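Data first, discussion second: the structure below is written as structure tokens.
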Amino acid sequence: MVLLLFLLVLWVVNVVKEAGEEGSKETLRQRKYRNGWSEEKLVTLSDYVLKILAWGAICVYLHCQFSNYGELKRNEGEDALLEEPFLSGDSSVSNGVELSKKRGGDTVTPYSNAGIFSILTFSWMGPTIAAGNKKTLDLEDVPQLDSRDSVVGAFPKFRNMLEAADGEGTGVTTLKLVKALLFSVWKDILWTGLFVFMYTVASYVGPYLIDTFVQYLNGQRVFKNEGYLLVTAFFVAKLVECTSQRWWFFKLQQVGIRLRAVLIAMIYNKGLTLSCQSKQSQTSGEIINYMTVDAERVDDFSWYMHDLWMVPLQVTLALLILYKNLGLAAIAAFVTTILVMLANIPLGKMLEKYQDKLMKSKDERMKATSEILRNMRILKLQGWEMKFLSKIIGLRSVEEGWLKRFVYTNAMTSFLFWISPSFVSVATFGACILLGIPLESGKILSALATFRILQEPIYGLPDTISMIVQTKVSLDRIATFLRLDDLQPDAMEKLPRGSSNTAIEIVDGNFSWDLSSSFPTLKDINLKVFHGMRVAVCGTVGSGKSSLLSCILGEIPKISGTLKFCGTKAYVAQSPWIQSGKIEENILFGKAMDRERYDQVLEGCSLKKDLEILSFCDQTVIGERGINLSGGQKQRIRIARALYQDADIYLFDDPFSAVDAHTGSHSFKEVLLGILSSKTVIYVTHQVEFLPAADLILVMKNGSITKAGKYNDILNSGADFMELVGAHKKALSALDTVEAGSVSEKRVSGDGASGSANGEMLKEGNENGKVDDDGPKGQLVQEEEREKGRVGFSVYWKYITTAYGGALIPFILLAQILFQVFQIGSNYWMAWASPVSADVKPPVTNLTLIIVYLALAFASAFSVFARSMLLNTAGYKTATLLFKKMHLCIFRAPMLFFDSTPSGRILNRASTDQSVVDLTMPLLVGAFAFSVIQLLGIIAVMSQQYYISSARELARLVGVCKAPVIQNFSKTILGATTIRSFDQESRFQQKNMELMDAYSRPNFYVAGAMEWLCFRLDMLSSITFAFFLFFLISIPKGIIDPAIAGLAVTYGLNLNMLQAWVVRNICSMENRIISVERILQYSSIPSEPALVIETNRPDRSWPFCGEVHIHDLQVRYASHMPLVLRGLTCTFPGGLKTGIVGRTGSGKTTLIQALFRIVEPAAGQIIIDGVSISSIGLHDLRLRLSIIPQDPTMFEGTVRSNLDPLEEYTDEQIWEVLDKCQLGDEVRKKEGKLESSVSENGENWSMGQRQLVCLGRVLLKKSKILVLDEATASVDTATDNLIQTTLREHFCDRTVITIAHRITSVVDSDMVLLLSQGVIEEYDSPARLLENKSSSFAQLVAEYSMRSK
């Protein structure tokens, strides 16, 4: 239809021309004088009429297409060929992509099957855009990628290239990495190179022909129909330019998506094989930055890939045109262009330096943020979160220092290049005057059009240089990471399964975590384990038990000796690693479901009862770090995961520490003595009662095996073993009064009835908690929310008014308007003030001509400088304020927010979205405002409405699909040892690739949608331009000033570029503003209650005696979750010791969280010494209580910063405390003493030592109320006794509330509270409860003492 319309108008013009060629001039002149119309009025009116007709026809056409599109889609099945191929995808594609009939997620991209016309016009995007116009797009509406674009297809090719590049095995360098990246996509790069060449040549056809066109309008006609030939040349050049540019942009984005995906896959795979030492030098926060920022930058660089050779080509073509028109003056243009480019070198070097520093400071901040998010519960319990927020703000202020330097240097660079075209043209025209070359308007216009095109590479050069600099920094960082040491491949010799009757053999083994240390971690290890043996490993805290298991797994670098391993392995680590996902997925861990084995495993791990309590049984989604499970449940799920693998060799690192006595006993019998009776098992344990069942016991001290043998053989032969057994017996002496016979078999299996008194208590509890069955049920972790529909105006408004209330915005716009006025003014002046040909007298002298032009050029330069500085100031200030606001909100969010929000989502906002706000957003908002001032296009807005709904949702999907990639990665880094021990690397690599493809899919379609729109806009602007040219050649000579007509043509040449620029900026801004939207989303999280309530502050000496009164306490973790505590009422007397016991998942830890107001009660209250804790500020409460938590936590920093983060105590006080908790000697051994470094998560300290540091914290604080939440679960009995003795000594007059699975830890308490399924089952003194043999507590004690003898 467009072509028909075009041909029709062409025919009319021809007819008019032929009919009136002779008399037209005279007639028009007479008409002009008769009607009193001026030339300008006539031409302007005609131009308006013609443009309105052209645009009107096209608008009607587009409107019909868009409105009928839905109908066509609905009738697609009846007659697919009815589709209009240009807008909706040609018929060869449409049948395959009926989004209404087939879920897009299962469909391969229509791009793979598209015909040539569909590919050229981007019509294969039609169905997706149509679908997005009707409904909000979801990921399943987005078709799959082609196999070449999918990381699954692209990665093996890239990996082979990289291995080939690194043939000599010296490690990956930046050069080898670049080579492998380029060779993996060389065909696409060549294609895009061809498109760039076609675009560049076509774009210079216009400037080349303008002088001829102006002369034609002035009456110099070389042959008949020359005008039509000129118009055709202009039009064809425009079509070639538009099509090649669209394909150049699209293919490069395609290349970028592919390169980013393979880099992320490479980084991920490397993360799985890093050695322990490498891991300590690279924290998970830094590695996440390689994925989110550096790999993303390589993707962005693809836009600039061809600029390095395109700029010289454009400059060469420009100089040829200038030489044709202005002779030797072209040399002046060349010299000034080179000078301008050289001026950028020092700025480029500064940019590189600032970029490098900026990235390093960002790494530091992300590292700290990642660690803080992992340990937010501890920070809130201790009341330290604001101190750690100030640490993040401090790191950010360093980053902001470099950001400020970077953006202002960038502003200088952009100023230099915005003024460069004026600078070049002043020099060139000045040279013409000096050389006596006549300045005619046609030649000047041709030169101006050439400068305008030359402006593009020169404008783009600072961006290109900046991007090359940033990409080089990023590639250097990635290459450095890929060069890090992997685990020693020869640390362990794997024998074929079944080839030996020895499962594990170590001969003269020396191993060290730190190869530079002169003291090996494990020395002179000799061990031989046969298939089917049970081996127990025991020893005091820090003796090397966990390291022995790590060495068998091949995790510790080997110094000398041999290690042989025969069979498959499964491992249960000491620190819990659980994937976010369903419980069932965690247990199966990649294996197919075998229902019989699955049930057997659940039974053996006592998980059946726990699963029944959960709302969704084994389909319950586990929160991050297993947050909605108790410590014991997490431990047993990890044991179940290992059991389900049905491996030959099992390695358990203290697996029963976090479970209660009878569950531990049951699991030991069922698991080690039952399911695994025929397997090889090596288990580390602190519970002496589990040792007699072992065929071989290894006693460790200072990294050596001091004793090895059966229980009875070594019992009397060494002090180390006697020390452990003696401590155990001492702990048991308190239980001597209990008879073993009162154990009920039912009780062992974890259920059974209590006495009648307890029955009443249970009933009462259930009356209070009757809400439970009818209560709301829902998963803790919800899908990440994304906004839907248009990005609200409020988001833009908040963004532009954040800095100084938006006061700078009017000045930025004014500077841009002035810049535009001066630019157009200078061009108009040159066209008006120069003669059309040599025989016409110029209106002004050459000196006046150049001085006025120079003044206008300087004015525009000053405007652009003011604009650059103001824009960057506003952008920098906005980024700073948004960062502070979001982080304050996150740190003040209630604990539920962290429990239900995977940290990947928060890290995504702190990393990727913050980068957009720091560096990209100000430029985009500026570019949008500037381009709209340059061109207010009606059609752009009209067709954009149809496109933007799809593009916006695709961009949001990009944001939502990125968090799972980060989340999966940070999870993998933490659990790398477990993944390797199960030989599951390939499954996790596959999962990462699937997540990467899910992230690349919307990216690919965002690119396609953008080009779909721009292609159509380019066609419209080209046709409009052709109409305009036909109009000009059809008007008789003399009606219009040829110079002004020529100026209009030079602007018309840029029409499609400007139009595309406006639309691209609108769309890019709408897509990137989503980052602001996401940051604002986290800037309005509901906050916890106030940290301090000034009007209700407790007395300085509160709590006075530490009495805790709990009244009808009901707690649930979220409004959609069932009640966990169901109406507790009791009092913990002040100054006494209260023990809390109960089955795993009975609500013990929840009660403690309610005491610290980590979760607010749904009903009821807690009163401490007459003050309701809900009525005072959180810090007033939390800083007056102390806790030793279940998971011992240390932060990266020093020993001092870990004990005293708030810097309240002196060195003497800290040393005194270290000695009290038996860590003084250990710290004195270290070089830095109190300033000794602690690595991320305290990885360079053993679990037991970390627990002793936590003990040190509470000894420093000396609170009136101390809570121990299974604080001694991961230490041996001797250390447990030490901790208990220390606490008894220093907290004898204070309230101590202890949750423990070791009965010995609570049996000497003054009171014991026994919880069952969120209600109080028993609460009395231990002596009284033990008197009643049928009490649950008595049965628990009897069970413990029986298994311990």
Side-chain angles (χ1 to χ4, degrees), residues 297 300-301 304 307-308 311 335-359 361 399-427 451 454-473 803-804 808-809 811-820 822-823 854 857-880 915 917-931:
R297 184 146 295 126
D300 292 341
F301 172 72
Y304 303 87
D307 286 15
L308 287 173
V311 170
V335 171
T336 46
T337 304
I338 296 297
L339 283 174
V340 165
M341 289 180 172
L342 286 176
N344 205 49
I345 291 173
L347 285 172
K349 284 187 174 162
M350 283 166 72
L351 276 177
E352 179 172 14
K353 178 183 151 198
Y354 295 152
Q355 172 70 18
D356 193 31
K357 300 278 191 190
L358 180 64
M359 289 311 299
S361 53
E399 186 186 347
E400 278 168 2
W402 294 115
L403 178 65
K404 197 174 196 173
R405 293 182 182 93
F406 184 81
V407 295
Y408 284 128
T409 311
N410 229 355
M412 286 306 299
T413 318
S414 74
F415 160 68
L416 184 66
F417 282 92
W418 274 98
I419 63 156
S420 58
S422 306
F423 179 53
V424 172
S425 49
V426 165
F451 293 143
L454 194 57
Q455 198 175 352
E456 192 188 327
I458 296 181
Y459 277 9
L461 201 63
D463 283 346
T464 306
I465 288 172
S466 164
M467 200 30 122
I468 289 171
V469 163
Q470 292 179 36
T471 309
K472 183 184 175 298
V473 169
Y804 313 107
L808 295 180
I809 303 300
F811 295 105
I812 294 171
L813 292 176
L814 177 66
Q816 175 61 22
I817 289 166
L818 288 173
F819 170 64
Q820 212 53 52
F822 291 135
Q823 282 281 72
L854 198 61
F858 270 118
S860 70
F862 177 75
S863 306
V864 84
F865 178 71
R867 188 202 75 188
S868 286
M869 296 313 276
L870 289 170
L871 181 66
N872 279 294
T873 304
Y876 165 77
K877 185 74 178 166
T878 303
T880 309
S915 277
V917 173
D918 284 349
L919 298 167
T920 317
M921 209 57 226
L923 302 174
L924 280 176
V925 172
F928 162 69
F930 312 153
S931 55

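Predicted model only: the values in this text are computed from it and were never measured.
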[X] to [Y] - nearest heavy-atom pair and separation:
X: V469; Y: L351; answer: CG1-C, 3.9 Å
X: A866; Y: A815; answer: CB-CB, 4.4 Å
X: A879; Y: V917; answer: CA-CG1, 3.7 Å

Roughly how far apart are [X] [atom1] and [Y] [atom2], rounded to 0.5 Å?
X: I812; Y: L871; atom1: CD1; atom2: CG; answer: 5.0 Å
X: Q355; Y: K472; atom1: CD; atom2: NZ; answer: 12.0 Å
X: L358; Y: K404; atom1: CG; atom2: NZ; answer: 14.0 Å
X: S915; Y: L403; atom1: OG; atom2: CG; answer: 9.5 Å
X: M869; Y: M412; atom1: CE; atom2: CE; answer: 7.0 Å
X: E399; Y: K357; atom1: CD; atom2: NZ; answer: 14.0 Å

Any side-chain heavy-atom pair of [X] and [Y] under 4.5 Å:
X: L308; Y: I468; result: yes
X: M467; Y: R297; result: yes
X: R867; Y: V864; result: yes
X: T409; Y: Y354; result: yes

Look at the aromatic rings of F865 and F415 and report parallel, tilted or perpendicular, splitting at 30° and 60°.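 Ring orientation of F865 relative to F415: perpendicular.
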Residues Y408, T873; criterion side chain to side chain donor-acceptor pair (under 3.5 Å); working and verdict: CA-CA 8 Å; Y408 284 128; T873 304; 2.8 Å; yes
For F406, is there any backbone N or O sitting under 3.5 Å from a side-chain donor or acceptor partner on N410?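 Pair absent, no side-chain N/O of N410 close to backbone of F406.
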